[in-house]
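Both backbone and side-chain heavy atoms feed into the values below; hydrogens, waters and symmetry mates do not. Remember, predicted model here, so these are calculated numbers, not experimental data. Order of the sequence lines sets the chain letters (A, B, ...), proteins ahead of strands, with each chain counted from 1.
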Amino acid sequence: MLDINEIYNLLLEKYGYQGWWPINSKYHVKDYSFPKNKQQEFEIIIGSILTQSTNWKNTEKAIKNLKSNKLLSPKKINSINVKKLALIIKSSGYHNQKAKKLKEFTKFYLKNNKLTRDKLLGIYGIGKETADSILLYAYKRPYFVVDAYTKRIMNRLGFKEGTYDEFQDIFMKSLDNDYKLFNEFHALIVKHGKETCKKNPICNKCRLNKICEYGKSNLS
DNA sequence: TACCAGGTCCTCG
DNA sequence: CGAGGACATGGT
């Protein structure tokens, strides 16, 4: 049986601390105090929606564009025309849908102080991964985020469970209930998925290859 | 040129 | 339920 904590330790050794979530285009290594205010909290939430199935660079452009148009605030997004909003976030891809998602979230955000997971999941455009990203990175709540990289990496390691909930359970039952750990671990998984455990993985450079089902059979 | 990126919704069987 | 398609830009 693979040890989830060992996976974390190996990834941390290889890649170091990641400093998620990026705010103002900057990472904050080993500083888990973000967000420090409502403005940063809102930026993380908007980013978590805009980055759905989209690379961070494109998301970042959209966020910068929102800022330069002075629109990165709940009231502004709530009042702007959805088509204008779509043009401003165009770089993030799926911009028509995402504009609608931003407005739906914002409408909810303006009249709700407590954002529970169930309430988030009831909002158009927010599924499990986005809800957990918001809870973890904007609210420092220990919900483990499962994304496409997580599923791919776990599958290769030998965990064949398939659903979001099943993967999340594996992490949350194995790890200390610590938002800082969840924050760093998820960021490391993304890093690993991008750089090493890619669609065409580079197993001979992988820190996990000795404990990986796929890696062991894929080394020359 | 073709493929992919820190998903979610909708429809259909 | 679960699979399959729609949604879309920018980088390699």
Side-chain angles (χ1 to χ4, degrees), chain A residues 7-8 11 15 17-28 34-35 43-66 82-108 117-139 141 143-156 160-168 171 179 181-202:
Chain A
I7 294 169
Y8 172 75
L11 292 178
Y15 302 110
Y17 293 93
Q18 301 298 301
W20 276 34
W21 188 281
I23 298 168
N24 295 326
S25 306
K26 290 177 185 166
Y27 293 82
H28 315 87
F34 293 90
E43 177 175 333
I44 292 173
I45 295 169
I46 295 310
S48 71
I49 293 171
L50 292 179
T51 200
Q52 290 172 355
S53 194
T54 297
N55 94 47
W56 182 251
K57 287 280 169 57
N58 287 2
T59 301
E60 193 171 69
K61 283 183 184 173
I63 293 173
K64 284 181 177 174
N65 212 17
L66 283 169
V82 68
K83 290 183 179 175
K84 288 185 181 176
L85 180 59
L87 285 179
I88 289 166
I89 62 168
K90 194 172 183 208
S91 68
S92 70
Y94 305 129
H95 52 287
N96 295 312
Q97 298 214 349
K98 285 177 179 173
K100 183 183 173 189
K101 293 177 182 181
L102 293 190
K103 288 187 69 68
E104 289 290 327
F105 172 79
T106 302
K107 189 169 67 176
F108 174 87
R117 189 171 192 266
D118 282 343
K119 285 183 178 175
L120 285 171
L121 289 174
I123 302 170
Y124 173 85
I126 299 187
K128 289 178 179 176
E129 183 186 338
T130 306
D132 289 335
S133 286
I134 290 170
L135 290 165
L136 178 61
Y137 289 106
Y139 293 96
R141 306 262 300 279
Y143 287 88
F144 201 89
V145 177
V146 176
D147 65 356
Y149 293 127
T150 314
K151 292 172 186 169
R152 181 168 74 209
I153 292 167
M154 291 294 280
N155 270 318
R156 285 176 175 159
K160 299 306 181 191
E161 288 83 355
T163 70
Y164 187 99
D165 294 334
E166 286 167 338
F167 280 120
Q168 188 178 51
F171 286 93
Y179 81 91
L181 173 61
F182 287 15
N183 173 326
E184 205 63 66
F185 202 165
H186 176 247
L188 285 165
I189 285 172
V190 173
K191 180 85 169 174
H192 187 57
K194 282 178 177 172
E195 294 194 356
T196 309
C197 199
K198 303 191 283 190
K199 189 168 186 181
N200 295 306
I202 311 172

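- Not counting sequence neighbours, A:S48 has no partner by the side chain to side chain donor-acceptor pair (under 3.5 Å) test.
- Remark: of the listed residues A:F34, A:Y17, A:W21, A:W20, A:F34 is the sole one forming a ring pair (Phe, Tyr, Trp, His ring centres under 6.0 Å) with A:H28.
- Atom P of B:dC4 sits at a distance of 15 Å from the matching atom of C:dG5, rounded to the whole Å.
- Every residue meeting the side-chain contact (heavy atoms from CB on, under 4.5 Å) condition with A:L136, not counting sequence neighbours, appears here in chain and number order: A:V145, A:Y179, A:F182.
- Residues passing the salt bridge (charged side-chain N to carboxylate O under 4.0 Å, His left out) test with A:R117, sequence neighbours excluded: A:D132.
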Next item on the list: For nucleotides 6-13 of chain B, just jot down a letter per nucleotide in 5' to 3' order: B, S or -, based on protein non-hydrogen atoms under 4.0 Å.
Entry: BBSS----
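- Partners of A:N24 under the side chain to side chain donor-acceptor pair (under 3.5 Å) rule, at least two apart in sequence or in another chain, are A:K67.
- With sequence neighbours excluded, the residues that form a side-chain contact (heavy atoms from CB on, under 4.5 Å) with A:E195 are A:Y15, A:K191.
- Interface limits on DNA chain C: the 5'-most and 3'-most nucleotides within less than 4.0 Å of chain A heavy atoms are C:dC7 to C:dG11.
- The same atom, P, is picked in C:dA6 and in B:dC3; the two are 16 Å apart, to the nearest Å.
- Scanning for side chain to side chain donor-acceptor pair (under 3.5 Å) contacts around A:N183 gives an empty result, with sequence neighbours left out.
- The C1' atoms of B:dA2 and C:dA8 are separated by 15 Å, rounded to the nearest whole Å.
- Residues satisfying the side chain to side chain donor-acceptor pair (under 3.5 Å) criterion with A:D165, sequence neighbours excluded, are A:K128.
- The same atom, P, is picked in C:dG10 and in B:dT8; the two are 22 Å apart, to the nearest Å.
- Here B:dC3 presents its C1' atom at 11 Å from CG of A:N200, a figure rounded to the nearest Å.
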